[in-house]
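Heavy atoms only: backbone and side chains are in, while hydrogens, waters and symmetry mates are out. Counting starts at 1 for both ligands and their atoms, following the listed order. In this text the structure is predicted, and so the values were computed from the model without any measurement.
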Amino acid sequence: MLTLNNVEVVYDRVILVLKGLSMEVPKGKIVALLGSNGAGKTTTLKAISGLLKSENGEVTDGFIELNDERIDTNGADVIVKKGIFQCMEGRRVFEHLTVEDNLIAGAHTRKDRKNIKGDIQKVYHYFPKLEMLKNRQAGYLSGGEQQMLAIGRGIMAKPSVLLLDEPSLGLAPLLVKEIFGIIKKINEEEGTTILVVEQNAKVALSIAHYGYIMENGRVVMEGSVDKLLSNQDVREFYLGVS
Ligand code: ATP
């Protein structure tokens with residue numbers, strides 16, 4: 001279980017972005033974190049993965065725990081070894097490396113080097129397209145293929161918790177559906193706990209078990225997917241239906 005308790009985050013010592021955020025991501029579940037631009041969703045993921053520190057951000061109050069063990073005082077390198085991996089928004093693959101070398105690079109934090117080959121095959125099982133493109137330089141992939149590769153690298157790190165930042169960003173609707181279907185499959189087959197940040201509430205709620213909606217650095221609503229989907233405000237503001 002990943003727990004955030006009253007987390008406050010400040011950038012550059014003065015810019016308060018998370019204002020007492022509390023949420024839980026139970027083991028083996030998919031949780032969606034929704035909200036409009038600038039609500040603080042990416043900051044929440046970076047607070048969990050420790051990547052905040054490289055942007056002059058810090059958790060100034062509250063705490064974050066993984067399985068009852070505090071992690072917000074650890075560096076990003078320690079947090080990744082504890083099994084939390086963040087797939088960044090905008091994909092961030094190594095453009096000059098081939099697809100397969102990107103996958104191998106994704107495993108660099110692991111100790112069990114001998115299983116790497118088998119896990120590459122696992123990535124190809126989820127994303128057959130990546131196998132066809134395995135010798136292609138990643139910089140030449142389409143946006144959707146790069147998104148697949150970014151998630152594939154996440155699988156190579158063998159995380160117990162995968163943090164996904166806007167996997168739908170910039171992708172055509174059909175591809176969004178395909179990628180979310182694969183995210184669900186990874187959760188079911190690997191048992192990976194997934195926290196997915198999305199502006200596309202509809203698609204995120206189609207695979208999630210539970211959802212949080214945040215605005216202005218705080219959770220404003222939470223609940224099971226059924227509860228959120230039947231809420232009038234959620235329907236109007238986040239799903240665009242009334
Ligand atoms: P989006 O969907 O647009 O990515 P978001 O909900 O993910 O939005 P964040 O990226 O977490 O929101 O940003 C929340 C606020 O924090 C914004 O006002 C942003 O300007 C500010 N912010 C983000 N990163 C930094 C940083 N490195 N330094 C200072 N302020 C930052």
Side-chain angles (χ1 to χ4, degrees), residues 2-25 30-64 71-72 74-77 79-80 84-93 143-144 146-147 150-151 154 161-173 175-176 179-180 183 194-208 210-223 228 231 233-234 236-240:
L2 177 68
T3 312
L4 285 80
N5 193 307
N6 238 343
V7 173
E8 194 179 273
V9 165
V10 174
Y11 284 110
D12 301 328
R13 294 185 178 270
V14 286
I15 309 165
L16 178 64
V17 172
L18 297 191
K19 303 169 183 171
L21 181 101
S22 296
M23 62 185 294
E24 286 182 349
V25 185
I30 302 178
V31 171
L33 178 57
L34 313 172
S36 48
N37 273 126
K41 304 181 298 297
T42 300
T43 299
T44 304
L45 294 190
K46 287 181 181 163
I48 298 167
S49 64
L51 292 173
L52 204 59
K53 293 165 188 119
S54 59
E55 292 190 24
N56 213 12
E58 56 180 333
V59 175
T60 46
D61 203 1
F63 59 84
I64 304 174
I71 56 167
D72 56 279
N74 295 138
D77 51 336
I79 295 172
V80 80
I84 299 180
F85 186 91
Q86 179 175 356
C87 286
M88 307 286 276
E89 185 181 26
R91 294 147 206 152
R92 311 253 178 111
V93 295
Q146 286 195 16
Q147 186 61 268
I151 298 173
V161 180
L162 192 55
L163 309 174
L164 300 175
D165 198 353
E166 302 255 8
S168 78
L169 198 75
L171 303 184
L175 201 52
V176 170
I179 287 195
F180 273 78
I183 294 170
I194 294 176
L195 174 59
V196 58
V197 154
E198 259 299 335
Q199 283 201 47
N200 185 337
K202 195 170 168 201
V203 72
L205 291 177
S206 74
I207 63 159
Y210 199 84
Y212 287 88
I213 296 178
M214 68 182 293
E215 285 308 331
N216 201 15
R218 289 191 187 90
V219 169
V220 291
M221 199 183 303
E222 67 176 281
L228 294 176
N231 180 282
D233 287 342
V234 175
E236 217 167 294
F237 298 120
Y238 300 98
L239 298 171

Quiz item: Should you measure from each heavy atom of Gln199, which atoms of ligand 1 turn up under 4.0 Å away?
Solution: 2 (O)
Exercise. Between Lys46 and ligand 1, find which residue part has any heavy-atom pair under 4.0 Å and reply side chain, backbone, both or neither.
Key: neither
Quiz item: With a cut-off of 4.0 Å, which atoms of ligand 1 are near a heavy atom of Gly40?
Solution: 5 (P), 6 (O), 9 (P), 11 (O), 12 (O), 14 (C)
Quiz prompt | Heavy-atom check, side chain of Leu34 versus side chain of Met214, under 4.5 Å | solution = no
Quiz prompt | Val25/Leu4 under side chain to side chain contact (heavy atoms under 4.5 Å, CB included): CA gap, chis, key distance, verdict | solution = CA-CA 9 Å; Val25 185; Leu4 285 80; 5.5 Å; no
Quiz item: For ligand 1, which atoms sit closer than 4.0 Å to a heavy atom of Thr42?
Solution: 4 (O), 5 (P), 7 (O), 10 (O), 11 (O)
Quiz item: Touching ligand 1 at all, Gly57? Heavy atoms, strictly under 4.0 Å?
Solution: no
Self-check item: Lys41, Glu55, Glu215: member with heavy atom nearest to atom 27 (N) of ligand 1
Solution: Glu55
Quiz prompt | Spatial distance of atom CD1 (Ile179) from atom CD (Gln147) [nearest 0.5 Å] | solution = 5.0 Å
Practice problem: Look only at the side chain of Glu198 and the backbone of Ser168, and say whether a donor-acceptor pair between them is shorter than 3.5 Å. | Solution: yes
Exercise. Determine whether any heavy atom of Gly35 lies closer than 4.0 Å to an atom of ligand 1.
Key: no
Quiz prompt | Sidechain-backbone polar pair: Ser22 side chain, Asn6 backbone, donor-acceptor under 3.5 Å | solution = yes
Quiz item: How does Glu166 reach ligand 1, by side chain, by backbone, by both or by neither, if only non-hydrogen atoms under 4.0 Å count?
Solution: side chain
Quiz item: Should Glu55 and Lys46 count as an ion pair when the cut-off is N to O under 4.0 Å?
Solution: yes
Practice problem: Please indicate whether any nitrogen or oxygen in Val17 is less than 3.5 Å from any nitrogen or oxygen in ligand 1. | Solution: no
Quiz item: Can you check whether Gly35's main-chain N or O pairs, donor with acceptor, with Lys41's side chain at less than 3.5 Å?
Solution: yes
Quiz prompt | Thr43 N/O to ligand 1 N/O under 3.5 Å | solution = yes
Practice problem: Say whether Ser36 and ligand 1 are in contact under the criterion: heavy-atom distance to a ligand atom below 4.0 Å. | Solution: yes
Quiz item: Do any nitrogen or oxygen atoms of Ile15 come within less than 3.5 Å of a nitrogen or oxygen of ligand 1?
Solution: no
Quiz prompt | Distance (rounded to the nearest 0.5 Å) between Cys87 SG and Leu163 CG | solution = 8.5 Å
